Peer 1: 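Handing you a structure now.
Source: prediction; values computed, not measured.
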Amino acid sequence: MVEKRKKARFNWIDALIVIFILAVIATAAYFLIGSFKPDENQGGEDFKIEIRIENVKKESLESLESLSLLQPETVVKDAVTGEEIGKIFSVRTEKSRYYGGLVEDENGYTLGTAESEDEYDVYITISTDAEQDSRGIYTVNGIRMLIGETVHFKIKSFAATAYIVKTEVPNETQT
C-alpha cells in the first residue's frame, strides 16, 4: 500500500502557541526597554516658560490676587485660539520700571530709571508639555517657545499680551 503524505495544518493550538510566544517576547521587551514611550526629545517634555505681562495696574493685580486667579495649577489658555498653553507654576511681581536718558554721575554715565507707584510687571512661570521639531525649536499648540515671542495669555476673566522672557527645558536653561 502506498501511504498518502499528510499535509501539515495550522490549527487553533498552533495559533495559541504563537500568540503566547509573542506575548512573552513583548513582555520581555517592555521590561528590558523600560516602557514604550516616544523619544523624549521629540515631544511631551516638561517645559517651563516665564512670561512677563507689563504695566498691570495695581487695582487689576489686587483683583486677580483676591479672586485667586494667579494660583499654581490654574489653566492658562491662548486668548486667540482658546487652546490650553499650560498651568501656572509660580508668580512674582515687580514694580514697572521706566528707562530715561543717560545720567552723568561720578562713575561716568548710567541709564536713568524710575519705578512706577501703581503699575507692576507680572512674571508668570507656566509649566507645559512642549514638542520639539526637527530644528530643535519647542512649540506648544503652534506657539514657538522662544525668548521674546508673544503669548496671548488668558485665564478665566483676564487676558493680556505677554512676552516670553525665559525658557527652561529639563537639564537645560536658556535666559
Side-chain angles (χ1 to χ4, degrees), residues 1-54 56 64-65 67-94 121-175:
M1 271 177 117
V2 179
E3 292 187 32
K4 293 185 180 176
R5 248 184 147 179
K6 293 184 179 181
K7 289 188 177 180
R9 288 194 220 167
F10 193 72
N11 59 31
W12 288 104
I13 295 173
D14 295 331
L16 288 175
I17 291 171
V18 169
I19 290 172
F20 177 76
I21 291 171
L22 290 176
V24 169
I25 291 171
T27 303
Y30 178 83
F31 286 113
L32 289 175
I33 295 172
S35 65
F36 295 111
K37 290 182 182 176
D39 185 0
E40 291 202 20
N41 289 335
Q42 295 301 317
E45 293 214 29
D46 182 26
F47 193 83
K48 289 186 178 70
I49 59 169
E50 184 175 64
I51 62 171
R52 179 178 67 208
I53 303 173
E54 298 176 334
V56 177
L64 288 171
E65 289 172 346
L67 294 172
S68 299
L69 295 179
L70 294 177
Q71 295 299 315
E73 297 299 315
T74 301
V75 174
V76 176
K77 293 188 176 187
D78 185 322
V80 175
T81 64
E83 296 286 329
E84 183 177 324
I85 296 173
K87 293 183 180 180
I88 293 177
F89 183 76
S90 66
V91 178
R92 68 182 172 88
T93 59
E94 294 179 2
D121 290 342
V122 181
Y123 294 86
I124 301 171
T125 303
I126 300 171
S127 178
T128 186
D129 291 328
E131 296 192 12
Q132 187 179 28
D133 67 10
S134 61
R135 300 172 296 168
I137 296 174
Y138 288 89
T139 60
V140 175
N141 295 326
I143 302 170
R144 296 181 312 166
M145 298 290 113
L146 300 172
I147 306 291
E149 192 73 24
T150 303
V151 174
H152 302 287
F153 176 86
K154 180 182 177 189
I155 52 177
K156 294 179 184 174
S157 60
F158 180 78
T161 300
Y163 301 94
I164 298 174
V165 294
K166 183 178 178 184
T167 60
E168 234 179 86
V169 180
N171 303 326
E172 185 179 322
T173 303
Q174 304 169 355
T175 55

Peer 1: Among residues at least two apart in sequence or on other chains, which ones pass side chain to side chain donor-acceptor pair (under 3.5 Å) with S90?
Peer 2: T125
Peer 1: When you compare the side chain of T139 with that of F47, does any pair of heavy atoms fall below 4.5 Å?
Peer 2: no
Peer 1: Does a side-chain heavy-atom distance below 4.5 Å link V169 with Y138?
Peer 2: yes
Peer 1: Using the rule side-chain contact (heavy atoms from CB on, under 4.5 Å), only one of E168, K166, M145 pairs with I49; which is it?
Peer 2: M145
Peer 1: Could you walk me through whether T161 and F153 pass the side chain to side chain contact (heavy atoms under 4.5 Å, CB included) test, one step at a time?
Peer 2: CA-CA 6 Å; T161 300; F153 176 86; over 6 Å; no
Peer 1: Output all residues satisfying side chain to side chain contact (heavy atoms under 4.5 Å, CB included) with S127, sequence neighbours left out; order by chain, then residue number.
Peer 2: D46, K48, F89
Peer 1: Please report the interatomic distance CD1(I19) to CH2(W12), rounded to the nearest 0.5 Å.
Peer 2: 8.5 Å
Peer 1: What's the spacing between K154 NZ and E83 CD if we round to 0.5 Å?
Peer 2: 12.0 Å
Peer 1: Apply side chain to side chain donor-acceptor pair (under 3.5 Å) to E54 and list each qualifying residue two or more places apart in sequence or on a separate chain.
Peer 2: R52
Peer 1: Could you check if a side-chain atom of Y123 sits within less than 4.5 angstrom of a side-chain atom of V165, using non-hydrogen atoms only?
Peer 2: yes
Peer 1: Among residues at least two apart in sequence or on other chains, which ones pass side chain to side chain contact (heavy atoms under 4.5 Å, CB included) with K87?
Peer 2: E73, V75, E84
Peer 1: Is any side-chain heavy atom of T81 less than 4.5 Å from a side-chain heavy atom of I143?
Peer 2: no
Peer 1: Using the side chain to side chain contact (heavy atoms under 4.5 Å, CB included) criterion, which residues pair with L16? Sequence neighbours excluded.
Peer 2: none
Peer 1: To the nearest 0.5 Å, what is the distance between NZ on K77 and CD1 on I155?
Peer 2: 12.0 Å
Peer 1: Mind checking whether L69 and T74 have side chains closer than 4.5 Å, heavy atoms only?
Peer 2: no
Peer 1: Measure the shortest side-chain to side-chain distance between L146 and I137 over non-hydrogen atoms and say whether it is less than 4.5 angstrom.
Peer 2: yes
Peer 1: Applying side chain to side chain donor-acceptor pair (under 3.5 Å), name anything that partners D121, two or more places apart in sequence or on another chain.
Peer 2: S96
Peer 1: Please check if the side chain of T93 supplies one atom and the backbone of V122 the other of a donor-acceptor pair under 3.5 Å.
Peer 2: no
Peer 1: Output the distance between atom CG (N11) and atom CG (D14), rounded to the nearest 0.5 Å.
Peer 2: 4.0 Å
Peer 1: Which residue pairs satisfy the side-chain hydrogen bond (donor to acceptor under 3.5 Å, both in side chains) criterion with at least one member in residues 140-151, sequence neighbours excluded?
Peer 2: R144-E149
Peer 1: How many angstroms lie between atom CD1 of I124 and atom CZ of R92, to the nearest 0.5 angstrom?
Peer 2: 11.0 Å
Peer 1: Using the rule side-chain contact (heavy atoms from CB on, under 4.5 Å), only one of I51, V76, V140 pairs with V151; which is it?
Peer 2: I51
Peer 1: In chain order, what residues pass the side chain to side chain contact (heavy atoms under 4.5 Å, CB included) check against V80, with sequence neighbours excluded?
Peer 2: D78, H152
